[in-house]
Amino acid sequence: MIKKLLEWARTRSPWVVHFNSGSCNGCDIEIVAALTPRFDVERFGIVLKGSPRHADVMLVTGPVNHHSAERLKKVYDQMPSPKFVIAIGSCACSGCVFRGCYNNLQGADAVVPVDVYIPGCAPRPDAIIGGVVKLIKKIQGAK
Amino acid sequence: MTEIQDKLQKKFADSILEIKSPRPSRIYMRIRPGMIKDVIRYAMKDLGLLHFSTITGVDKGTEFEAIYNLFGNKTGLSIGIRVNRDDPKIETVTDIVPGAVCYERELQDFFGFVVKDIPDGRRLIIPDKWPEGQFPLRKDWNQDMLPASFNDGLRRDWRK
């Protein structure tokens with residue numbers, strides 16, 4: 001009974017926090033665009049929160065490097081469990097054009113466990129919403 | 001030939017190794033390393049090239065080149081100095097341009113230039129845990145030269 005209630009609460013209100021690990025702002029603008037009434041993500045219960053302590057899902061944008069890796073880990077550790085990470089944009093997925101650079105970690109999954117990868121430079125708001133919906137389905141399937 | 005190029009050639013005739021001006025607004029020159037301060041001082045004070053834009057480092061194989069880019073007076077001037085790879089010592093220009101300390105620290109980080117009399121020689125750009133004696137923008141550097149301890153705290157090896 002309580003399990004069912006928890007799952008119901010989790011899948012209907014995935015609050016997100018946004019972490020920029022050195023992005024060019026392209027993906028950030030697409031996230032902001034996805035939050036506008038035109039795309040209406042609140043129908044899935046998605047709300048952008050200012051603090052990682054209030055969030056279930058972290059949206060990572062940008063190529064992760066040695067400087068931002070520590071901050072990314074700190075922010076991830078502050079989130080309450082169960083927590084999920086979505087890598088938005090090719091940079092957060094694999095490093096994109098920065099792959100092979102001396103300071104690039106080639107994807108956010110070098111630092112935190114990533115649940116959903118959304119490629120694109122930058123991905124459209126539709127793709128970001130699609131990724132979050134896939135994550136909701138993943139949570140439902142995991143039980 | 002522009003007026004600025006004319007003046008530079010007259011003033012520093014014996015220390016200019018190479019000078020060319022593909023467009024009226026652009027001058028490239030290479031000089032003897034010891035003369036860099038005099039040329040920059042002259043260009044800024046007397047020729048009106050007041051915007052000290054940046055210092056670029058180039059790995060030329062057996063030599064490193066530091067290119068000082070100055071702009072102003074409708075002209076861009078790039079002054080290159082080449083130093084030996086085994087002993088890449090250059091002089092600081094911070095007594096003329098105090099803000100150049102950032103670019104000189106960057107040169108030390110990326111190429112291993114040794115800047116004499118630099119007021120603040122700490123690291124600027126490369127990570128704090130970066131090993132000593134490795135310079136990522138040198139042509140002979142690659143990621144395999146980093147020690148394995150560079151992966152500490154990470155979930156997977158990032159060097160591919």
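Just so it is clear: chains get the letters A, B, ... in the order the sequence lines come, proteins before strands, and each one is counted from 1.
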**Asked** Should A/V133 and A/I118 be regarded as members of a common hydrophobic cluster, given that ILVMFWY residues are connected when their side-chain heavy atoms come within less than 4.5 Å of each other, either directly or indirectly?
**Response** yes

**Common cluster, B/L77/B/F71, ILVMFWY with side-chain heavy-atom separation under 4.5 Å** = no

**Message:** Give the interface residues of residues 63-72 of chain A toward chain B, defined by a heavy-atom separation under 4.5 Å.
**Reply:** A/H66, A/H67

**Asked** Do A/Y102 and B/F110 pass the ring pair (Phe, Tyr, Trp, His ring centres under 6.0 Å) test, and can you show the C-alpha distance, the side-chain angles, and the key distance before you say yes or no?
**Response** CA-CA 10 Å; A/Y102 68 95; B/F110 280 157; 5.7 Å; yes

**Request:** Determine whether B/I118 and B/I36 fall in the same hydrophobic cluster, where Ile, Leu, Val, Met, Phe, Trp and Tyr are linked whenever their side-chain heavy atoms lie under 4.5 Å apart.
**Result:** yes

**Message:** Quick check: do A/N103 and B/P136 have side-chain heavy atoms less than 4.5 Å from each other?
**Reply:** no

**Message:** Side-chain heavy atoms nearer than 4.5 Å, only ILVMFWY residues, links allowed to pass through others: does that put B/L137 and B/I125 together?
**Reply:** yes

**Asked** Are B/M35 and B/F52 grouped together when hydrophobic residues (ILVMFWY) are joined by side-chain heavy atoms under 4.5 angstrom apart?
**Response** yes

**Asked** Restricting to pairs with a member in residues 39-49 of chain A, which pass salt bridge (Lys or Arg N to Asp or Glu O under 4.0 Å), not counting sequence neighbours?
**Response** none

**Prompt:** Are any side-chain N or O atoms of B/Q143 and backbone N or O atoms of A/C101, one a donor and one an acceptor, separated by less than 3.5 Å?
**Reply:** yes

**Request:** Using a strict cut-off of less than 4.0 Å between a Lys/Arg side-chain nitrogen and an Asp/Glu carboxylate oxygen, indicate whether A/D109 and B/R156 qualify as a salt bridge.
**Result:** yes

**Message:** For the NZ atom on B/K129, are there more than 12 heavy atoms of other groups (residues, nucleotides or ligands in this structure) within a distance under 6.0 Å?
**Reply:** yes

**Message:** With a sphere of 6.0 Å drawn around NZ of B/K37, does it hold more than 12 non-hydrogen atoms of other residues, nucleotides or ligands?
**Reply:** yes

